[in-house]
Amino acid sequence: MDGADAQPAREDAAHAEGDGAVRLDRAVVRRAARFAAHLSAAAAREDSGGRNALGGASEEFVGHRPYRPGEDLRHLDWALLGRLEQPFVKVHRASRREAWVVAIDASPSMAVGAPSKLQSAAEAALGAIALGLRVGARVEVVVPDGAGGELRGGELGGRGGLARAVRALDGIAPRTDGGLERILDGGALLARAARARARRVVLIGDFLDVDLHALLTVGSGRRRVHLGRVVAPEEADPSERRVGGRVSRWYDPEAPDRPARQPSTADLRRYDEGLDAFAERLARAARQHRMSLAVWSSADPFENHVPDLLQ
Amino acid sequence: MSATLLSLELARPLHGAVPLVLAAVLLLASLRSARAGGPARPLGTARFLPETSGDGARGPRLDLPPSRLLAIGALLLSAVALAGPTPREPAPDARVLRVLVDRSPSMYLPIDPAAPAGERRIEAAARAVVEAARGPWSAALGGPLELEWEPLDRGRPASRAPALPSELRVPPRPAVPEPRFVGVDAADVVWLTDKARARPARAGLAAGGGPAVPGPVAWSPRGALVWDGRDTVREADAARAPLLAVADGLDDGLAALVEAWRVDRGVELAARNDVEVELSVQGPDPSGSAAFEVVVRGTGWSARALAPRAGVDAAWAVRPGRVELGILALAGDPDDPSAFAVDLLGALDRAVLPPPGVVPLSERRSAGEAALAAPTEGAGDRTSAGAAGRARTARRIEAMAALLAALLALGAAAARSVGR
C-alpha cells in the first residue's frame with residue numbers, strides 16, 4: 001500500500017495549510033483578562049516582603065505590613081520592631097519592568113485534537129501574556145511566520161498590550177515550518193531573549209521535534225524557562241477511537257508519505273512505551289536544568305494549567 | 001411452499017425474503033467499507049507507532065461497527081419472524097430395548113473352534129440383535145429401536161449404544177456363572193445368550209449358538225487338563241501356571257505359609273508389571289499407625305493378633321482372585337497351628353482363579369443352533385407435542401423473533417447515536 005492509497009480520505013483536514021487556524025474570540029480575551037486579574041491579586045496577597053512570585057526580584061521599597069507567623073525573618077524591619085514593639089515586614093515591588101518572551105509551536109502536529117493543540121497553546125499563551133502585562137512585565141510574543149523564516153510578533157506593553165497580543169496570536173495556522181525547533185534553530189530565540197533581557201521564556205507546544213540541547217541554551221543565567229506541553233486526548237489514548245462507528249486509522253501530519261495505520265494491540269503497547277520515554281526525557285531535562293514543565297490536555301481550559309506553567 | 005431452518009419449518013419463506021436481502025446488502029456494504037479501513041486522522045505522536053507489526057502488515061482489520069451488526073441481526077430476526085417459523089413434525093420417539101447380556105465363559109468361546117480369533121458367541125448374538133433391531137424388529141414394533149445393553153453380572157451399569165459396547169466384549173474376571181434370566185421375561189427385553197433355550201413368553205431371544213469348543217478345562221502343577229471333545233487328557237503346556245501377587249510388608253509367619261502353598265500348588269510369583277494375576281494376597285489398609293490387639297478365630301483355631309482397628313475377629317476374607325488379610329501380624333502362635341495352616345491354605349485354594357484359557361467343561365459343550373425371536377411390544381406413547389401444541393409453539397417463536405428484532409433495532413439506533 002503506498003502513501004496515496006493509504007490516505008484516500010483524510011477526514012480531519014486541519015493540518016492543511018490555512019486551516020485549523022487559531023481563533024481568539026472576545027470570550028477568550030475576557031477570560032484571559034479576568035484570569036490575569038485574579039492571579040495577580042492572589043500573587044500580591046502572597047507578597048512576602050521583598051520577593052513577588054510573578055514580579056521578579058528587582059526590589060523597590062513601597063511600605064510595611066504586619067508580620068505573619070512563618071515568614072522569613074530576614075524581611076522583618078528590626079528598627080520598627082524596636083520602636084513600636086510590633087513586628088512589621090518591608091514590602092517591595094519590581095522597580096524595573098521584567099521582560100518575558102512567549103513563543104508557541106505551530107507545527108502541523110499541533111493541529112491535532114478538538115480543540116486543537118495549537119488553539120490550546122494560543123489560549124495558554126494569551127493567559128500568560130495577560131498575566132505578564134498585569135504585573136507590569138514587558139512581554140514579547142514570538143510565533144513562526146513561515147514566510148522566509150521570519151518570526152512574527154513583537155514587544156507588547158502598556159495600554160492596548162493585550163489587544164496587540166490577540167492580533168499577534170489570532171489566525172496562526174499550523175504549517176510545516178512553524179515548529180518550535182525553527183524558533184530555537186540558530187539561536188534566534190536566545191538572541192531575542194538576550195536582547196530583551198528576558199527573565200522568563202515561556203515555550204508552549206508538543207516539543208516532538210525540539211532538540212533538547214537547543215532548549216537548554218535558552219535558560220542560561222538568571223533567565224527562567226517555562227515549558228508547556230500540550231497533548232491531544234487521542235494522543236494520550238489512540239485505541240479504538242471511532243468516527244461514524246468506524247475505527248480510525250492514524251497518520252503522522254508531519255510525515256504525510258507514511259501510510260495511515262490502524263494499530264494493533266502490540267503497536268499500541270509500543271506506542272505507549274515510546275510516548276512515555278519521550279515524556280520522561282523531557283521531564284528529566286526540565287528537572288535537571290531548573291525549567292518548569294506543565295503538561296495538559298488540549299481539551300482543558302487554560303485557566304487550569306497556566307498557573308502551573310508559570311510556577 | 002415451506003422451507004426448513006435448523007429445527008424449524010418456515011411456513012412463509014418468501015415473506016422473509018425482503019429483510020433477508022436487505023441484511024445481505026447491508027452486510028456486503030459494511031464488509032466493503034470495513035476492508036477499506038476507517039477514516040484516516042492525524043495523530044501528532046504517530047511517530048511512536050511502529051512502522052510494521054504482525055497484524056498491521058496484513059492490512060486493516062475487518063471491524064464492523066456495532067450499530068451495523070445490530071441492524072443486520074435485527075433484519076435477520078425480522079426475516080425469521082415474517083417467514084412463519086414452526087417446530088418440525090417431531091420424529092416418533094425411539095423405543096428402548098433392554099438387551100440382557102449373558103457374560104458366562106461360554107459366551108466368549110469362538111463360533112468356529114478352528115478359528116480361535118474369529119467371531120465369538122457373544123458377538124454373533126449381539127450382531128443378530130443389532131441387525132434385527134434395524135430391520136424386522138423395528139418394523140414389527142412400529143418404529144425405531146434404541147438398544148440398551150445390560151450385563152447380568154454384579155450390577156454393572158447399562159449403557160445405550162447402537163452395537164455391543166467394547167467393555168462387554170472382554171470376559172469378566174473372575175468369571176461369572178450363566179444367568180438364569182429369572183424375573184426378566186418382559187416386553188421390550190431381549191435375552192442375549194448362547195444356548196437356545198425355551199422361548200420366553202414376552203422377552204425376545206438372541207442365542208449365538210455354536211458347536212463344542214475343545215480346550216483346557218482345568219490346571220494342575222503337572223499340566224493342564226485338556227478336553228478334546230470326548231476325553232480329558234493332561235498336557236503340560238496347554239495353559240500357563242496361575243500367577244500370585246503378595247503384598248509387601250506381610251507378616252513373616254503368614255508370608256511363609258503363603259510361600260509354602262505357592263510352591264506346593266505350582267503357582268508362580270507375578271512380576272511387578274503383570275497386570276492380570278490369578279491370586280492376590282493383600283494386607284490390611286496401611287493408613288494409620290495404631291495397632292490393636294485382637295483375637296481372631298477360624299475353623300478349629302483361634303489366635304491373638306495385631307490389627308489396624310479394634311473389633312477385628314477374622315484373620316482374612318476370601319474373594320474370587322484375592323485373599324484380604326484383616327490383621328497386621330500374629331501376636332503369638334495360634335492355639336492349633338495345624339488347623340490355622342489348613343484353614344489359610346484352603347482359603348488360598350478357594351480364591352485362586354484358573355489361568356486364562358481354562359474354561360470349565362460344562363461351558364465348552366455345544367450351545368446348539370442359533371436362535372432369534374423378537375420381544376413383544378410394551379405399552380408406551382411414542383408421540384410428542386400434538387398439532388395444537390406445535391401451533392402454540394410456533395406463535396411463541398414468531399413473537400420472540402419479532403421482539404428480539406425490535407430490541408436489536410433499538411440497540412442499533414442507540415449505538416449509532418453515540419457514534420458506534
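Being a predicted model, the structure only gives us computed values, none of them experimental.
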key: Distance-minimising heavy-atom pair for Arg258(A) and Arg47(B)   =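 So the two residues come closest at NH1-CA, 3.5 Å.
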request  = Give the minimum heavy-atom separation between Val112(A) and Gly44(B), together with the two atoms involved.
outcome  = CG2-N, 3.3 Å
ask   = So which pairs with a foot in residues 76-87 of chain B pass salt bridge (charged side-chain N to carboxylate O under 4.0 Å, His left out), sequence neighbours left out?
value =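 Listed by first then second residue: nothing to list.
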request  = Assess whether atom CZ of Arg169(B) is packed by more than 12 heavy atoms of other residues, nucleotides or ligands within 6.0 Å.
outcome  = yes
Approximate separation, where rounding is to 0.5 Å, of Asp252(A) CG and Phe48(B) CZ = 10.0 Å
message = Tell me if a side-chain donor or acceptor on Arg261(A) pairs with a main-chain N or O of Leu49(B) at a distance below 3.5 Å.
response =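 Not a single qualifying donor-acceptor pair exists.
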inquiry  = Could you tell me if the side chain of Trp250(A) sits less than 4.5 Å from the side chain of Pro42(B), heavy atoms only?
reply    =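 No, side chains not in contact.
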request  = Taking heavy atoms only and a threshold strictly under 4.5 Å, list by residue number the residues of residues 275-282 of chain A that touch chain B; give 'none' if the list is empty.
outcome  = Leu275(A), Phe278(A)
